[in-house]
Each structure stands twice: as C-alpha cells, then as structure tokens.
Amino acid sequence: MVDLRFRDIVRFSCGCNMVADFELKKLVKPLQDWFDGHARVLPWRDDPKAYKVWISEIMLQQTRVEAVKPYFARFMEALPDVEALAACPEDRYLKLWEGLGYYNRVRNLHAAAEQIMEQYGGTIPDTVEELLRLKGIGSYTAGAIASIAYNRPVPAVDGNVLRVISRVCADDSDIMKQSVRSAMERSLQAMMETEVTNGLIPRKFNQALMELGAMVCVPNGAPHCPECPWYGFCEARLQDKIDTIPVKTRAKARRIEERTVFVIRDGEHVALRKRPAKGLLAGLYELLNVSGILEQQEALEYVKNQGFSPIRIQALAPARHIFSHVEWHMHAYVVLVEETTAPKENILFTEAQKAVENYAVPSAFSAYWNAIKMEIKE
DNA sequence: AATACGGGGGT
DNA sequence: ACCCCAGTATT
C-alpha cells in the first residue's frame with residue numbers, strides 16, 4: 001500500500017504550512033474507534049438507506065441537528081419514499097418545511113425526486129457524478145450520500161470537516177475560500193481511496209469527522225481537547241493556535257428594511273398572500289405587508305385598496321426578524337374588516353384555522369402569526 | 001469570487 | 001453584538 005503521510009494532505013490542501021510527521025493511519029483508526037464509542041444515536045443513523053440519508057442531509061444543511069429532528073420524523077412519516085415526495089404538491093411540502101428555513105431546499109428536493117423517478121426508476125443513484133446532477137445536491141451532499149448510504153470512499157467536506165482538518169494540521173488558510181474546500185476534498189479523496197484497503201470505513205470515517213466537529217472540536221467556544229482522539233497530535237493544540245484556527249473572513253453586514261404588516265381579520269377569517277415563486281421565502285404565505293412605515297391613515301387606505309372594508313384599526317407592537325442578509329423592522333396594524341369584504345384576487349381570506357393548518361407561514365411573522373395560532377387552540 | 005437564501009442557538 | 005450551523009444555486 002502507498003504510505004501516504006499526513007504532510008501530503010497538508011501540501012495537497014493548501015500548500016502552506018504545517019508538516020506533521022506521522023502516518024495517516026494514526027488519524028483514521030483513533031477517529032473511527034472514538035466514533036464507535038461516542039456516536040450519538042440519531043434518527044437517520046439507525047437505518048442508513050439512501051432516502052433517509054438524502055432527506056436528513058438536505059435538512060442538515062446550515063441547520064443544527066436538534067432543529068432537524070422533529071422535521072425529519074414528520075417528513076418521513078408524511079413522505080416515506082421518493083415516489084411520495086415526487087407526487088407531493090408544493091403547499092404540502094412547504095408546510096412540512098415550515099420554520100426550517102432555506103425553502104429552496106425542499107423545492108429542490110421535490111424536483112430531484114421527480115428526476116429520480118424519471119431517470120432512475122425511483123432509486124437514488126450511488127455515484128457522486130450522478131448525485132451531483134440532482135437539484136439541491138452539491139459537493140458535500142453528494143459525498144455524504146455516496147459514503148454514508150453506499151459506503152463509497154468519497155469525502156463529505158462540510159463546516160465541521162473544514163474546521164477539524166484545519167486544526168489538526170494547523171492550517172491557516174481561509175476556509176471561506178472555495179479553493180481551500182476543493183483542495184481539502186481532493187486530498188481527502190486521495191487518502192480515502194488508499195486507506196479504504198487498510199481499515200478505513202467510508203460511512204464511519206466521514207460521520208466520525210463530522211461528529212468530532214460537532215461534539216469535540218466545536219464551532220462556538222473552546223474545543224474539548226482532553227476528550228479528543230487526536231489530542232496527542234493536533235498541531236493547532238501543540239502550537240497553541242486553537243483560538244486562531246480555523247481562519248474565516250467575516251460576512252458583510254446586513255441591511256435593514258422597514259416594513260408595515262397588516263393583520264386583516266373579521267370574526268373568523270384572516271388575510272394571507274402567497275409570495276412570489278423566486279427570492280426570499282419563495283412560495284410561502286404571508287400576512288399582507290409593504291415596504292416602509294405607514295401611518296394609520298395610510299394603512300387604512302392600503303387595506304381599502306386591497307378590496308377590504310375596514311371597520312377598526314389598531315397599532316400592534318413593533319417586531320423584528322433577522323435573516324442572513326436582511327433585517328426586517330416590522331410595524332404592524334390589526335384591522336377588523338366587514339365579513340362581506342371582497343379582497344383582490346391574489347389574497348386569500350380564509351378561516352384562521354384552515355390557514356394555520358394548510359399554509360406555510362415563515363417565522364418572520366411569528367410575532368403576529370402566533371397570536372392567530374393561540375386563538376385557534378382555544 | 002460574491003451574494004442570496006432562514007432560523008435559531010451559543011457566547 | 002457576533003458567530004455558526006452535516007451548503008447550494010445564481011450572478
């Protein structure tokens with residue numbers, strides 16, 4: 001077997017820095033052994049069939065394990081296989097995703113399910129090349145599915161892996177750069193192909209790398225080095241660079257948007273509107289709202305223009321919601337309207353209970369939408 | 001190479 | 001406040 005050494009990884013990956021003069025097998029074995037004793041029990045781990053791996057990996061993109069758990073259970077029950085997902089209407093899968101964020105993920109999931117039905121007879125492909133052609137599956141997810149579901153020796157480089165590998169080699173490359181990620185993928189690919197004949201188990205190794213990042217070499221706060229299977233040879237620790245590695249350029253500041261939100265109601269109905277098919281919160285349902293801050297008279301005028309006959313208007317407490325790149329500062333009014341009111345075509349004026357049950361309303365509106373939900377419960 | 005795209009938890 | 005999260009698609 002080729003005697004790949006750790007410094008080869010480092011050189012492949014960034015060409016800078018560190019050399020650690022130990023063999024790669026010292027990295028693999030302790031990690032896999034540690035994982036055997038410390039792996040969390042997760043709902044998508046007991047039975048690593050491709051569909052479960054796929055759905056969980058998409059949900060886990062930029063999302064914490066704890067947040068995913070309830071969504072995963074609900075999703076698997078409602079849509080237990082590719083065929084069911086492919087046949088699911090938009091409003092239903094959006095409702096299943098409601099509150100999880102990055103809604104294009106579920107839109108792409110549905111599109112990919114259709115692709116899989118048409119091109120692969122309902123079977124999720126097992127190669128990175130084919131997986132990459134599916135909507136919503138990029139380099140990480142293709143590697144995760146191929147390795148975890150099919151045990152192929154391919155890397156799955158996510159934020160955890162970037163952090164853990166950077167630290168163990170004390171590599172100070174900026175992990176926000178695509179080039180750094182690609183290089184790490186290439187080096188891990190080469191290593192895995194070699195070591196798979198020497199005890200490396202792809203599905204175990206990749207999950208272990210991520211588990212280490214999630215539980216020991218943590219993203220926030222100090223890593224738990226004494227618990228780390230790599231304690232003895234982590235270069236970042238040996239060189240006292242735990243606080244400076246990984247290196248990441250910080251994102252630019254958010255812009256702030258002032259908006260005015262309308263809770264338009266009669267005794268039992270509430271007004272909702274479906275958002276455009278593209279852009280922020282695409283396809284979800286929202287309380288009517290406009291850009292800018294409207295005075296009460298202007299607000300009343302707006303509500304009339306939407307086809308309603310207002311009886312009473314009252315200001316609500318302002319609320320804010322923070323997205324990745326935007327921050328909404330919301331001013332709001334509750335407007336009581338006549339029951340015979342006739343809103344414009346693009347507006348739904350439905351029973352509050354039906355609205356809550358059937359339509360996905362983003363968390364951005366929760367300051368106002370939760371009040372409707374509470375009412376339903378009584 | 002940048003930017004859009006959610007929401008929530010940690011420090 | 002700021003960081004980050006089992007990232008991807010688009011520009």
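To find a chain, count down the sequence lines: A is the first, B the second, and so on, and within it residues start at 1.
- Set against dC5(C), dT8(C), dG6(B), the side chain of Arg64(A) has dC5(C) as its closest nucleotide.
- For the pair Ser363(A) and dG8(B), the criterion of a side-chain N or O lying under 4.0 Å from OP1 or OP2 is met.
- Formation of a donor-acceptor pair under 3.5 Å by the Glu327(A) side chain with backbone atoms of Glu258(A) is not found in this model.
- Within the 4.0 angstrom heavy-atom criterion, no nucleotide atom of any strand lies near Asn104(A).
- The side chain of Asn108(A) approaches dA9(C) more closely than any other nucleotide in the set dG7(B), dA9(C), dA6(C).
- Taking every side-chain heavy atom of Arg45(A) into account, dA6(C) is the closest of dA6(C), dT3(B), dC5(B).
- Counted by atom type alone, Glu57(A) and Tyr140(A) present one or more donor-acceptor pairs between their side chains at under 3.5 Å.
- Residue contacts shown for Ile137(A) are limited to sugar-phosphate atoms, with no base heavy atom under 4.0 Å away.
- Residue Glu327(A) contributes atom CD, which lies 14 Å from atom P of dG7(B) at whole-angstrom precision.
- In this structure, Glu185(A) atom CD and dG7(C) atom P are separated by 12 Å, rounded to whole Å.
- Comparing the P positions of dG8(B) and dA9(C) gives an interatomic distance of 24 Å, to the nearest angstrom.
- Residue Asn160(A) has a polar side-chain atom (N or O) positioned under 4.0 Å from OP1 or OP2 of dA6(C).
- Heavy-atom neighbours of Lys177(A) NZ from other residues, nucleotides or ligands within 6.0 Å: at or below the threshold of 12.
- Regarding contacts with the backbone of dA4(B), every side-chain N or O of Tyr102(A) stays at 4.0 angstrom or more from both OP1 and OP2.
- Here, dG9(B) and dT8(C) have their P atoms 24 Å apart, quoted to the whole Å.
- Between Arg181(A) and dT8(C), a side-chain N or O to OP1/OP2 separation shorter than 4.0 Å is present.
- Closest to the Glu211(A) side chain, of the nucleotides dT3(B), dA6(C), dG6(B), is dA6(C).
- Place Gly101(A) and Lys252(A) on DNA chain B by their nearest nucleotides, and Lys252(A) ends up nearer the 5' end.
- Nucleotide dT11(C) holds its C1' atom 12 Å from the NZ atom of Lys278(A), rounded to whole Å.
- Side-chain atoms of Ser324(A) come within donor-acceptor range of the base of dG6(B), with a qualifying N/O pair under 3.5 Å.
- Side-chain contact check for Asn108(A) and Arg105(A): no donor-acceptor pair (N or O, by modelled atom type) lies under 3.5 Å.
- Counted by atom type alone, Glu211(A) and Gln207(A) present zero donor-acceptor pairs between their side chains at under 3.5 Å.
- In this structure, Ile175(A) atom CD1 and dG7(C) atom P are separated by 11 Å, rounded to whole Å.
- The separation between Met215(A) atom CE and dG10(B) atom C1' is 14 Å, rounded to whole Å.
- Toward the 5' end of DNA chain C, the nearer of the two residues Thr249(A) and Gly159(A), judged by each one's closest nucleotide, is Thr249(A).
- Considering only side-chain N and O atoms, His321(A) lies nowhere under 4.0 angstrom from the phosphate OP1 or OP2 of dG6(B).
- Rounded to whole Å, the C1' atom of dC3(C) lies 16 Å from the corresponding atom of dG6(B).
- Of all nucleotides present, none satisfies the Watson-Crick or G-U wobble test against dG6(B) with each distance under 3.5 Å.
- Both Phe323(A) and Arg255(A) lie close to DNA chain B; mapped to their nearest nucleotides by heavy-atom distance, the more 5′-ward contact belongs to Arg255(A).
- Relative to the side chain of Ala364(A), the nucleotides dA6(C), dG7(B), dA4(B) differ in distance, and dG7(B) lies closest.
- Atom P of dA6(C) sits at a distance of 24 Å from the matching atom of dT3(B), rounded to the whole Å.
- Distance CD1 (Ile322(A)) to C1' (dC3(C)): 13 Å, rounded to an integer number of Å.
- For the pair Leu281(A) CG and dA4(B) P, the interatomic distance rounds to 14 Å; values are reported in whole Å.
- Looking only at atom types and distance, the side chain of Glu185(A) has no donor-acceptor partner in the side chain of Ser182(A) under 3.5 Å away.
- Comparing dT11(B), dA6(C), dG7(C) by their closest approach to the side chain of Ala214(A) singles out dA6(C).
- Within the structure, a side-chain polar atom (N or O) of Arg163(A) is placed less than 4.0 Å from OP1 or OP2 of dC5(C).
- Arg320(A) comes within contact range of no nucleotide atom at all, as no heavy-atom separation falls under 4.0 Å.
- Between Leu60(A) atom CG and dG9(B) atom P the separation is 16 Å, expressed in whole Å.
- Residue Arg312(A) places its CZ atom among 12 or fewer non-hydrogen atoms of other residues, nucleotides or ligands, all under 6.0 Å distant.
- Contact annotation for Gly213(A): no contact, since no heavy-atom pair falls under 4.0 Å across all strands.
- At the phosphate of dC5(C), OP1 or OP2 sits under 4.0 Å from a side-chain N or O atom of Lys248(A).
- Residue Leu109(A) is classed as having no contact, given no heavy-atom separation below 4.0 Å to the nucleic acid.
- Glu77(A) meets the salt bridge (Lys or Arg N to Asp or Glu O under 4.0 Å) test with no other residue; sequence neighbours excluded.
- Nucleotides of DNA chain C nearest to Arg254(A) and Leu132(A) differ in position, and the one nearer the 5' end is that of Arg254(A).
- Closest to the Gln62(A) side chain, of the nucleotides dA6(C), dG7(C), dA4(B), is dG7(C).
- Close to dA6(C), at under 4.0 Å from its OP1 or OP2, lies no side-chain N or O of Ser56(A).
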